[in-house]
Novice: 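Have a look at this one before I ask anything.
All chains are named by letter (A, B, ...) in the order of the sequence lines, taking the proteins before the strands, and each is independently numbered beginning at 1. All figures in this text were calculated on a predicted structure; none of them were measured in a lab.
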Number of protein chains: 2
Amino acid sequence: MGTTQLESVSEPKYWHLRTVLTEALESEFTVGEILPNERDLAARFGVARATLRQALEQLELEGRLQRRRGVGTTVAPPRMGVAVGTEQHAWPGTGEDAWQAVDCTLAEAPAAVAEALETERAEPVHTVRRTRMTHGQPVAAELLYIPQSSVPELTAIDAPHGAARARAVLRELQRLELEGNESAVELGSAHADDAKELDRLPGAPVLVVTTRFLAAGRTAALSVATYRADTCRLTFGDSGNVEIHQAPEQRAS
Amino acid sequence: MGTTQLESVSEPKYWHLRTVLTEALESEFTVGEILPNERDLAARFGVARATLRQALEQLELEGRLQRRRGVGTTVAPPRMGVAVGTEQHAWPGTGEDAWQAVDCTLAEAPAAVAEALETERAEPVHTVRRTRMTHGQPVAAELLYIPQSSVPELTAIDAPHGAARARAVLRELQRLELEGNESAVELGSAHADDAKELDRLPGAPVLVVTTRFLAAGRTAALSVATYRADTCRLTFGDSGNVEIHQAPEQRAS
DNA sequence: TAGTGGTCTAGACCACTGA
DNA sequence: CAGTGGTCTAGACCACTAG
């Protein structure tokens, strides 16, 4: 990585810096290698540390870098392909799907959830918390809302404790015939609990996948899963091995 | 919106500020309303402008605010639901799908694209550029790569000019029998051309949707579409036709 | 031209990690 | 403990929009 001076074009410095660093990463660094610290890098490029950080933030957003406080900045491996749309016709918790139930509570749903579930205002819902691991790393945290009316046979005695109760609720849910599901993906920022689960700081960018499970002509369950945006590529369909990061720039004339 | 002092907990100021502003937006502001300018807001909360901006960036990332240079900061409408996975078995350009062809070039594909297409190294590909509009706003810019071997009948004479040629290529593509497609979603940042197309600054967060169209046992076309992450919620599944009609005509006359 | 958000600087201190 | 990234400040100037 050179000590190149930045040209004075009408392009922001941090953006130009991002480009320079991107090229350096591809040609001179290997995955897992640690970069010089921010103060050194800033000095090397002749910019303020804040400007250098703006460029690093871009690269982290794009999944090319990984920064850890107290440790340093490392070159990130390519994003993991995480299947989201394959089990088109399976309830959550079916088979081996990398999800791990954490606990389960029974309470009144937040307003936004109640609306999506089209339940009675005051109907209690089971809230199952799950975590998804891939390659030994946490990639997603999920809240799964299941109205009591979707699992009427479940009694409080079945399993009063956290994870066991969560599994009991999921097992009970599978008695319903699943008619289909539909999901949506949007950008969000990790709240405190999700951030902790995902081993990130609050505010970290996440991909929020909202899925409605349909049965008996209504929404039988609602899943809100937050995936780490820096390390995950969500795949819909059969395979997810396409490796395109950014479209190249080429214009016609 | 009060003049509340920030408490000194171990929570970052900008994060607390984000929370306070979120609540204020929900209770005291309406969609389209403009906020006080950044310098005033910073003074009101007793923080530096940079800190205030960090909070605003979070809110913009979450789609709650919209900031425009030279104009101001406004309260954003709820994100638009944009159907991405509905036409599971349709070629791009089929029917009325809100996409508009812009132009088309024929050149050798970038390395990453060539690999995904599994073409010969040097085989030229048609590169179709399209734009997607929703509610009068640009929501996505796409580069569609089509190897020459997927549209063998196409002659250079058909339509030598930009948009017309793009449509000719898409029309030709529909002669193949589509066996399926698979897509992936990941976070990225808008490059210069995409940013211009999307009416955003370079580096703006985007959702990159990569789709492979399969025909005759191979990848017949590859689409790389970048959606505005601030205004779009990508929907997969049948009822992706949920039209959120929060009429944008909220301004006083 | 006045006012907005966008960029940039040169510091300072804090929270966290690992030796 | 020394070194890292994370937060924060108080300025300055620039690019853009609209009246």
Novice: Tell me which of B:Arg53 and A:Arg68 sits closer to the 5' end of DNA chain C, going by the nucleotide each one is nearest to.
Specialist: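 Upstream on the strand: B:Arg53.
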Novice: I need the CD-C1' distance between A:Glu38 and D:dG3, as an integer number of Å.
Specialist: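 My rounded result for the distance is 12 Å.
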Novice: With sequence neighbours excluded, give me every side chain to side chain donor-acceptor pair (under 3.5 Å) pair touching residues 184-196 of chain A.
Specialist: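 Non-adjacent pairs meeting side chain to side chain donor-acceptor pair (under 3.5 Å): A:Arg129-A:Asp194, A:Glu186-B:Arg79, A:Ser189-B:Gln58, A:Ser189-B:Glu62.
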Novice: At the 4.0 Å heavy-atom cut-off to chain A, mark where contacts on DNA chain C begin and end, going 5' to 3'.
Specialist: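 In short, chain A contacts DNA chain C from C:dT7 to C:dT17.
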Novice: Using the salt bridge (charged side-chain N to carboxylate O under 4.0 Å, His left out) criterion, which residues pair with B:Glu57? Sequence neighbours excluded.
Specialist: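 In terms of salt bridge (charged side-chain N to carboxylate O under 4.0 Å, His left out), with neighbours along the sequence ignored, B:Glu57 is linked to B:Arg53, B:Arg67.
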Novice: Just jot down the side-chain contact (heavy atoms from CB on, under 4.5 Å) partners of B:Leu65, sequence neighbours excluded, or say none.
Specialist: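 Per chain and number, B:Leu65 pairs via side-chain contact (heavy atoms from CB on, under 4.5 Å) with B:Leu25, B:Leu35, B:Leu56, B:Leu59, B:Thr73.
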Novice: Rounded to the Å, how far apart are A:Arg49 CZ and D:dG3 C1'?
Specialist: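 One finds 11 Å between C1' of D:dG3 and CZ of A:Arg49, rounded.
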Novice: Residues two or more places apart in sequence or in another chain: which of them pass side-chain contact (heavy atoms from CB on, under 4.5 Å) with A:Pro77?
Specialist: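 By the side-chain contact (heavy atoms from CB on, under 4.5 Å) rule, A:Pro77 matches A:Val31.
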Novice: DNA chain D in dot-bracket, Watson-Crick or G-U pairs under 3.5 Å, [ ] crossing, | other strand?
Specialist: ||||||||||||||||||.
Novice: Using the test side chain to side chain donor-acceptor pair (under 3.5 Å), find all partners of A:Thr22 that sit at least two apart in sequence or belong to another chain.
Specialist: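 Listed in chain order: nothing, the list is empty.
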Novice: Heavy-atom distance under 4.5 Å between the side chains of B:Val224 and B:Tyr145, does that happen here?
Specialist: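 A side-chain contact under 4.5 Å exists here.
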Novice: Please name all residues satisfying side-chain contact (heavy atoms from CB on, under 4.5 Å) with A:Arg69, sequence neighbours left out, ordered by chain then number.
Specialist: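 A:Leu201.
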Novice: Not counting sequence neighbours, which residues clear side-chain contact (heavy atoms from CB on, under 4.5 Å) with A:Ser183? List them please.
Specialist: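 If we apply the side-chain contact (heavy atoms from CB on, under 4.5 Å) test to A:Ser183, skipping adjacent residues, the hits are A:Val209, A:Thr211, A:Phe236, B:Phe236.
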Novice: Both A:Val71 and A:Thr51 contact DNA chain C. Which one's nearest nucleotide lies toward the 5' end?
Specialist: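 Looking at DNA chain C, the more 5' nearest nucleotide goes with A:Thr51.
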Novice: At under 4.0 Å, does any side-chain N or O of A:Asn37 touch on OP1 or OP2 of D:dT4?
Specialist: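 Indeed, a polar side-chain atom of A:Asn37 lies that close.
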